[in-house]
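These notes are about the structure you will find just below.
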Amino acid sequence: MLGAPLSRIIRKILTARPVKCQRGGRKFCRAFQSGFPHGKRRSSSNPGLYVWVMRMSRLFARTLRDDPADAEVDSYRLLARGGYIRRVASGIYAWLPLGDRVLRKASEIVREEMDAAGAQEMVLPIIQPLELWQRSGRDGAYGPLMFRLEDRKETGFCLSPTAEEVITSLVSGELSSYRDLPVNLYQINWKYRDELRPRFGLLRAREFLMKDAYSFDTDVDGLRLAYKQMYDAYTRIFERCGLTFRAVEAQSGEIGGDINHEFMAVAAVGEDDFVWCRNCDYAANVEAATRAAPAADLPSVVPVMEEVHTPDMPGIALVANFLGVEPSAMLKCIAFEVDGQIGLALVPGDDEVNEYALGRALAPRSVRLLGDDDFAAHPELPKGYIGPNHPSASVVVADEVLVTRPGPWVTGANRVDHHVRNALLGRDFNVDTFAPLATVTTGDACPRCGAELSVDRGIEVGHVFQLGTKYAEALGALYTDESGEQHPMVMGCYGIGVSRVIAAVAEEHHDEHGLAWPRAIAPFDVHVVALPGRGDAGASVVAAAEQLCAALEEAGVDVLYDDRDASPGVKFADADLLGMPVQLVVGAKGVGRGVVEVKHRKTGERTELPLDDPPAIAATVLGR
RNA sequence: CGGGGAGUGGCGCAGCGGUAGCGCACCUGCUUUGGGGGCAGGAGGCCGGGGGUUCGAAUCCCCCCUCCCCGACCA
């Protein structure tokens, strides 16, 4: 039993306001006099946080002038320099107060959108019994990726890399009727994966903050609805975080048939290639991407095919240059093996054959492009001089472009040192199958809208899966339907790498001076820089700055206040490095004229506002 | 795991057999005050760990640990 005073305190805490309102730095602020005295005011940009003014003189963060030696990506480099995070071990980071604020802002956005989508937040254990993983059969599948540990009785546990097993097992014990479904449960919690190689700072960490959600439905229709809701919520979340992203339909892995989308944030340091349209919402893995076939202007008459001597030119570029034609006018003939036979894949000379696409075209047969060893074993295939009408080819697959563009082509003559001109489909060679074979490249046309496609690297910030009944069956998550029959629940799972999102935002929103946060994610809405100098005006400058901070707080603005005894250069450099969206400079010059200078971090735009009009200043800061 | 490299003050680095140094940061004082300013003084280091070689090891040899980078996984 709790003692009376303690239980009273707890009741007070529980009844005073929603639990999440306990977040924020108020207590810290008061205890250490690091901030201003203030009322209970919510952040206008983030209602889950209290607004307050943080004095930089008290802030636990030191900015670094030099880049950390191990910084290879801008996100980690700038977050470390700015005092947001510190590396503690390989792939493991401490989040200092500034970083923690960003983490909370991102988490709160996720929370709001998940709640709005009808999901319920909860907390699952990070330490999970291995036994659950053995039951689902994933103990072996995850293998060395899991951090493993034993208790004193030598019972096996792991640190949660994800939580399908735990949640499924939990739900199976709690819910048993169709009346209980559907339900969507989520948590925002630390996850652990003993990555082969942690790298890129927060982008591939061994400890990372993840929002993981799990939906349970009675049937596939319900799953599809839950999936759609999550998909839409994810779109809103990433939009609010200021990311340029696309939802990419991912290749269904070995689980086969499961629908899943990856949310990719466009970034040069991303680890996956994907194709996306800058005009519509088309997006796909490079392996899965297709393009609209370019229109061809056909010559009315194609002269008779003729052989030309092309000595020592086993490549598109060499031949095109020698004959004075564009590479796109050449037909590339790539030899492959399918079921022990030789086949040819035809694509224009400036394209590459997408091996996955070729495989899909010939499925279910398996396809393998020939390597140097194969050419050595097939002397009848003169690499670099193969033509589309090669007698050994049992099957010829051509890119769809050839449908509208039968020729004339410059291509191989099936004889070393010889090519042909004016090869025409239907006259000089034939094709068995047309398929989208070419690897899509930047500049190709979108298959949906025809606009230009881009191929970019992306950071996977989210992933939504239609799981089906796999885990429900393995872990006995069954429900009873109207007629009393038992069925496995139909599940979906939905992940967002919250800490990775922050790294992705930092990758997208920075310049040579430092970070430039979108306001939704910024640890503070505004950075007030006081420049008192040493002259007589100093005291009035400080007074003006402090009044401004107090007024902004009153207006619901999160303020980072640089009250340090440092030179202007240091303060400006730190303000740019830390990257609050708006900087307010209170200096002797401006105060004398009754104005504060406003600098927008992202654009560099500078304006002035009257010091005695805090509402106008607050409105500018809040972008209103 | 394979291949490459590095561990020296909080951070970034030099030193590579003979008294442990530099820049940034930190402390004191003076000076300066609109883009990381200047002068003077100061504090801070089992030179990753263990074992050798040597009169003497940060430095040479062996073992171990950690970390980083390049290739196979994923939020």
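Note that the structure is a prediction, hence the values are computed from the model and not measured. Each chain gets a letter, A, B and so on, in the order the sequences are listed, and its residues count up from 1.
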Using Watson-Crick or G-U wobble geometry with both distances under 3.5 Å, which nucleotide pairs with [N]?
| N | result |
| --- | --- |
| B/rU33 | none |
| B/rC73 | none |
| B/rC60 | B/rG52 |
| B/rA20 | none |
| B/rA6 | B/rU66 |
| B/rA25 | none |

[atom1] atoms of [N] and [M], separation to the nearest Å:
| N | M | atom1 | value |
| --- | --- | --- | --- |
| B/rG48 | B/rC30 | P | 40 Å |
| B/rG49 | B/rG36 | P | 40 Å |
| B/rA43 | B/rU53 | C1' | 37 Å |
| B/rC13 | B/rA6 | C1' | 12 Å |
| B/rG17 | B/rG52 | P | 22 Å |
| B/rG56 | B/rG71 | C1' | 45 Å |
| B/rC64 | B/rA20 | P | 30 Å |
| B/rC67 | B/rC24 | P | 31 Å |

Distance below 4.0 Å between A/Ser90 side-chain N/O and B/rC68 OP1 or OP2: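 True: A/Ser90 side-chain N/O within range (under 4.0 Å) of B/rC68 OP1/OP2.
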For B/rA75, does OP1 or OP2 lie under 4.0 Å from any side-chain N or O of A/Arg204?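 Result: no.
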Going by modelled atom types, is there a donor-acceptor pair between the base of [N] and the side chain of [X] at under 3.5 Å?
| X | N | result |
| --- | --- | --- |
| A/Asp574 | B/rG36 | yes |
| A/Arg606 | B/rG34 | no |
| A/Asp272 | B/rC74 | yes |

What does [X] touch in the nucleic acid at a heavy-atom separation under 4.0 angstrom: a base, only the sugar-phosphate, or nothing?
| X | answer |
| --- | --- |
| A/Arg197 | base |
| A/Ala566 | nothing |
| A/Gly462 | sugar-phosphate |
| A/Arg199 | sugar-phosphate |
| A/Thr162 | nothing |
| A/Asp212 | nothing |
| A/Glu262 | nothing |
| A/Arg87 | sugar-phosphate |
| A/Arg86 | nothing |
| A/Lys571 | nothing |
| A/Ile496 | nothing |
| A/Val570 | base |

Closest non-hydrogen atom pair between A/Arg199 and A/Arg197, with its separation: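 Distance-wise, the nearest heavy atoms are NH1-NH2, 3.0 Å.
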Heavy-atom pair with the smallest gap, counting every atom of A/Ser75 and A/Glu507: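 Distance-wise, the nearest heavy atoms are OG-OE2, 2.7 Å.
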Can you measure [X] atom [atom1] to [N] atom [atom2] for me and round it to whole angstrom units?
| X | N | atom1 | atom2 | value |
| --- | --- | --- | --- | --- |
| A/Lys599 | B/rG34 | NZ | C1' | 12 Å |
| A/Phe147 | B/rC74 | CZ | P | 16 Å |
| A/Glu195 | B/rC69 | CD | P | 13 Å |
| A/Glu597 | B/rG34 | CD | P | 12 Å |
| A/Arg65 | B/rG36 | CZ | C1' | 4 Å |
| A/Asp565 | B/rU31 | CG | C1' | 13 Å |
| A/Tyr494 | B/rC74 | OH | C1' | 19 Å |
| A/Asp70 | B/rU66 | CG | C1' | 13 Å |

Salt bridge (charged side-chain N to carboxylate O under 4.0 Å, His left out) between A/Glu121 and A/Arg111: does it pass, once the steps are laid out? CA-CA 8 Å; A/Glu121 185 170 9; A/Arg111 193 169 274 126; 2.8 Å; yes
If you check every side-chain atom of [X], which of [options] has the closest atom?
| X | options | value |
| --- | --- | --- |
| A/Pro568 | B/rC70, B/rA75, B/rU33 | B/rU33 |
| A/Asp66 | B/rC74, B/rA25, B/rG23 | B/rG23 |
| A/Leu196 | B/rG34, B/rC73, B/rG35 | B/rC73 |
| A/Leu577 | B/rG36, B/rG23, B/rA75 | B/rG36 |
| A/Glu271 | B/rC74, B/rG35, B/rG37 | B/rC74 |

Can you name the side chain to side chain donor-acceptor pair (under 3.5 Å) partners of A/Gln466, sequence neighbours left out?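 Expected list: none.
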Excluding sequence neighbours, so at least two apart, what forms side chain to side chain donor-acceptor pair (under 3.5 Å) with A/Thr469?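 A/Thr469 satisfies side chain to side chain donor-acceptor pair (under 3.5 Å) with A/Glu473 only.
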Pairwise 5' ranking along RNA chain B for A/Phe263 and A/Lys589, keeping only the more 5' one: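 That would be A/Lys589.
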Report the residue (A/Ala89 or A/Val585) whose heavy-atom-nearest nucleotide on RNA chain B is the more 5′ of the two.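 That would be A/Val585.
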Does CD1 in A/Ile127 sit with more than 12 non-hydrogen atoms of other residues, nucleotides or ligands closer than 6.0 Å?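 No - once you tally the heavy atoms of other residues, nucleotides and ligands closer than 6.0 Å, there are 12 at most.
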For atom CD of A/Glu72, decide whether the heavy atoms of other residues, nucleotides or ligands shown that lie under 6.0 angstrom number more than 12.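 Yes.
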So among A/His513, A/Gln583, A/His527, A/Lys571, which one has a side-chain hydrogen bond (donor to acceptor under 3.5 Å, both in side chains) with A/Asp576?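 Exactly one option meets the side-chain hydrogen bond (donor to acceptor under 3.5 Å, both in side chains) with A/Asp576, and it is A/Gln583.
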May I ask you to check if A/Arg101 and A/Phe524 form a cation-pi contact, with NZ or CZ under 6.0 angstrom from the six-membered ring centre and within 45° of the axis?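 Geometry flag: set, cation within 6.0 Å and 45°.
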Is_stacked (A/Phe572, B/rG36) at 5.5 Å, 30 deg: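 One would not call A/Phe572 stacked on the B/rG36 base.
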In terms of relative ring orientation, are A/Tyr231 and A/His261 parallel, tilted or perpendicular, with 30° and 60° separating the classes?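 The rings of A/Tyr231 and A/His261 stand perpendicular, inter-plane angle above 60°.
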